[in-house]
Amino acid sequence: MSEKELRRSLSVLPIGTVMKLTDLTARQIRYYEQQDLVFPQRNDGNRRMYSLNDIDRLLEIKDYLDEGINIAGIKKIYEQQKRERQKRQSERERQLTDPDVRRILRDELMNLGGLGDYDQLHPGS
DNA sequence: ATTCTTACA
DNA sequence: TGTAAGCA
C-alpha cells in the first residue's frame, strides 16, 4: 500500500471532528456503523477513531440517503462493489507475471531447439 | 469536556 | 432519529 493510501486509512479523528466534517450527528454516525457501512477503529479508551477514508465513506452515505436510497440499498451497493473488487483481485492472481512469460517463452524456444535444429533457426547463436 | 452504551414519557 | 441517563 502506498504512503498516500496509508495516510488516508489512518484512524486519527474522534467522532466530534467527524461530526463537524460530515454534518452528521453522533447518533447517525454510530448508527451507520451498526449497519456495517463504516468500520472505525477504537482507541485504548474505547473511543471511535476515524480515518479520512471513513470521512469520505460517511459523506458518500449521506449523499445516497439524500438521493432516497435506504440503508439496505446502500449496503447492496457496497456489497456489489466488494464482489467486483474480489473478482478483479482473483483475476490478477491468475494473470501470468512478466517473469512467468519470460520463463515460458524460454521453455518454448528450448523445446523448439530440441525437436528441430536450433542452430539452423539461429545460425551463429 | 467528550464519548460510550442503553433505553424510550 | 432525538434525547436522557449513568459511566469512563
Side-chain angles (χ1 to χ4, degrees):
Chain A
M1 185 185 283
S2 72
E3 299 178 26
K4 185 177 180 182
E5 298 173 301
L6 193 64
R7 277 195 246 271
R8 291 191 60 71
S9 63
L10 280 184
S11 301
V12 295
L13 312 169
I15 200 169
T17 301
V18 179
M19 291 173 68
K20 295 175 181 175
L21 259 32
T22 62
D23 194 42
L24 290 170
T25 65
R27 181 81 167 84
Q28 293 174 305
I29 296 171
R30 298 191 186 109
Y31 178 66
Y32 301 153
E33 175 183 0
Q34 279 191 309
Q35 302 308 306
D36 296 304
L37 292 180
V38 285
F39 319 94
Q41 303 280 134
R42 293 294 183 116
N43 63 15
D44 300 320
N46 192 42
R47 259 77 214 242
R48 274 169 263 252
M49 298 302 277
Y50 300 81
S51 69
L52 294 178
N53 283 327
D54 290 328
I55 300 295
D56 289 337
R57 168 64 70 92
L58 287 169
L59 290 173
E60 200 168 56
I61 293 171
K62 199 174 72 163
D63 286 338
Y64 282 138
L65 256 24
D66 288 336
E67 291 174 30
I69 303 175
N70 57 37
I71 299 294
I74 298 175
K75 275 190 184 180
K76 292 297 182 185
I77 294 175
Y78 290 139
E79 287 174 4
Q80 176 58 31
Q81 295 183 349
K82 181 180 175 185
R83 300 181 198 227
E84 293 175 352
R85 285 169 30 212
Q86 298 180 329
K87 181 176 182 179
R88 300 188 182 193
Q89 180 55 41
S90 57
E91 200 76 41
R92 283 169 197 153
E93 290 172 354
R94 278 186 201 43
Q95 277 293 324
L96 296 177
T97 68
D98 255 29
D100 283 336
V101 175
R102 295 190 182 226
R103 178 178 51 67
I104 291 174
L105 175 57
R106 186 206 57 193
D107 289 349
E108 293 290 321
L109 289 175
M110 291 287 264
N111 198 322
L112 249 181
L115 297 175
D117 191 326
Y118 190 78
D119 282 335
Q120 279 185 259
L121 290 173
H122 299 268
S125 67

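In what follows, chains carry the letters A, B, and so on, assigned in the order in which the sequence lines appear, proteins first and then strands, with residues in each chain numbered from 1.
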*Asks:* Under the 4.5 Å side-chain heavy-atom rule for ILVMFWY, direct or indirect, which residues accompany A/Leu6?
*Replies:*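 Once heavy-atom contacts under 4.5 Å are chained together, A/Leu6 belongs with A/Met1.
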*Asks:* Under 3.5 Å, side-chain donor or acceptor atoms of residues 26-33 of chain A against the rest of the protein: list the pairs with distances, not counting sequence neighbours.
*Replies:*
| unit_1 | atom_1 | unit_2 | atom_2 | d |
| --- | --- | --- | --- | --- |
| A/Gln28 | OE1 | A/Thr25 | N | 2.9 |
| A/Gln28 | OE1 | A/Thr25 | OG1 | 3.3 |
| A/Glu33 | OE1 | A/Arg48 | NH1 | 2.8 |

*Asks:* Restricting to non-hydrogen atoms, name the atom on A/Pro14 and the atom on A/Tyr50 that form the minimum distance, rounded to 0.1 Å.
*Replies:*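 So the minimum-distance heavy-atom pair works out to C-CD1, 4.4 Å.
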*Asks:* Is it the case that more than 12 heavy atoms not belonging to A/Gln80 sit under 6.0 Å from its CD atom?
*Replies:*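 Result for CD/A/Gln80: enclosed.
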*Asks:* For a 4.5 angstrom cut-off between non-hydrogen side-chain atoms, does A/Arg57 reach A/Ile61?
*Replies:*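 Yes. Closest side-chain heavy atoms under 4.5 Å.
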*Asks:* Using a cut-off of strictly less than 4.0 Å between a heavy atom of the residue and any atom of DNA chain B, enumerate the qualifying residues of residues 23-46 of chain A by number.
*Replies:*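 When residues 23-46 of chain A is checked for heavy atoms under 4.0 Å from DNA chain B, the hits, listed by number, are A/Arg30, A/Arg42, A/Asn46.
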*Asks:* Treating Ile, Leu, Val, Met, Phe, Trp and Tyr as nodes and any side-chain heavy-atom pair under 4.5 angstrom as an edge, say whether A/Leu58 and A/Met49 lie in one connected cluster.
*Replies:*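 A/Leu58 does not cluster with A/Met49.
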*Asks:* Show me the dot-bracket string of DNA chain B, counting Watson-Crick or G-U pairs under 3.5 Å, with | for pairs to another strand and [ ] for crossing ones.
*Replies:* .|.|||||.
*Asks:* What pairs of nitrogen or oxygen atoms, one from the protein and one from nucleotides 4-7 of chain C, lie under 3.5 Å apart?
*Replies:*
none

*Asks:* If you round to the nearest 0.5 Å, how far is CG of A/Asp54 from CD of A/Gln41?
*Replies:*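 Going from the CD atom of A/Gln41 to the CG atom of A/Asp54 covers 8.0 Å.
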*Asks:* Without placing hydrogens or testing angles, list every side-chain donor-acceptor pair under 3.5 Å for residues 97-110 of chain A, not counting sequence neighbours.
*Replies:*
| unit_1 | atom_1 | unit_2 | atom_2 | d |
| --- | --- | --- | --- | --- |
| A/Thr97 | OG1 | A/Asp100 | N | 3.2 |
| A/Thr97 | OG1 | A/Asp100 | OD2 | 3.1 |
| A/Asp100 | OD2 | A/Thr97 | N | 3.2 |

*Asks:* Who are the side chain to side chain donor-acceptor pair (under 3.5 Å) partners of A/Ser90, not counting sequence neighbours?
*Replies:*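 In terms of side chain to side chain donor-acceptor pair (under 3.5 Å), with neighbours along the sequence ignored, A/Ser90 is linked to no residue.
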*Asks:* So, taking the atom named CG in A/Asp23 and the one named CG in A/Leu59, what distance separates them when rounded to the nearest 0.5 Å?
*Replies:*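 Between A/Asp23 CG and A/Leu59 CG, I get 9.5 Å after rounding to 0.5 Å.
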*Asks:* Sequence neighbours left out, cut at 3.5 Å: what donor-acceptor pairs do the side chains of residues 62-73 of chain A make with other protein atoms?
*Replies:*
| unit_1 | atom_1 | unit_2 | atom_2 | d |
| --- | --- | --- | --- | --- |
| A/Lys62 | NZ | A/Thr22 | O | 2.9 |
| A/Asn70 | OD1 | A/Ala72 | N | 3.2 |
| A/Asn70 | OD1 | A/Gly73 | N | 2.6 |

*Asks:* Which ones in residues 57-74 of chain A lie close to DNA chain B, meaning a heavy atom under 4.0 Å from one of its atoms?
*Replies:*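 Under 4.0 Å from DNA chain B: no residue of residues 57-74 of chain A.
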*Asks:* Treating Ile, Leu, Val, Met, Phe, Trp and Tyr as nodes and any side-chain heavy-atom pair under 4.5 angstrom as an edge, say whether A/Val12 and A/Leu21 lie in one connected cluster.
*Replies:*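 In one cluster: yes.
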*Asks:* So which pairs with a foot in residues 86-97 of chain A pass salt bridge (Lys or Arg N to Asp or Glu O under 4.0 Å), sequence neighbours left out?
*Replies:*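 Every pair satisfying salt bridge (Lys or Arg N to Asp or Glu O under 4.0 Å) with a residue in residues 86-97 of chain A: there are none.
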*Asks:* Among residues two or more places apart or on two chains, list those pairs meeting salt bridge (Lys or Arg N to Asp or Glu O under 4.0 Å) that have a residue in residues 69-85 of chain A.
*Replies:*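 Those involving residues 69-85 of chain A do not exist here.
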*Asks:* Below 4.0 Å from chain A heavy atoms, what is the first contacting nucleotide of DNA chain B and what is the last?
*Replies:*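 So the contact region on DNA chain B extends B/dT2 to B/dT5.
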*Asks:* What distance separates A/Arg47 CZ from A/Ser11 OG, expressed to the nearest 0.5 Å?
*Replies:*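 Between atom CZ of A/Arg47 and atom OG of A/Ser11 there are 16.0 Å.
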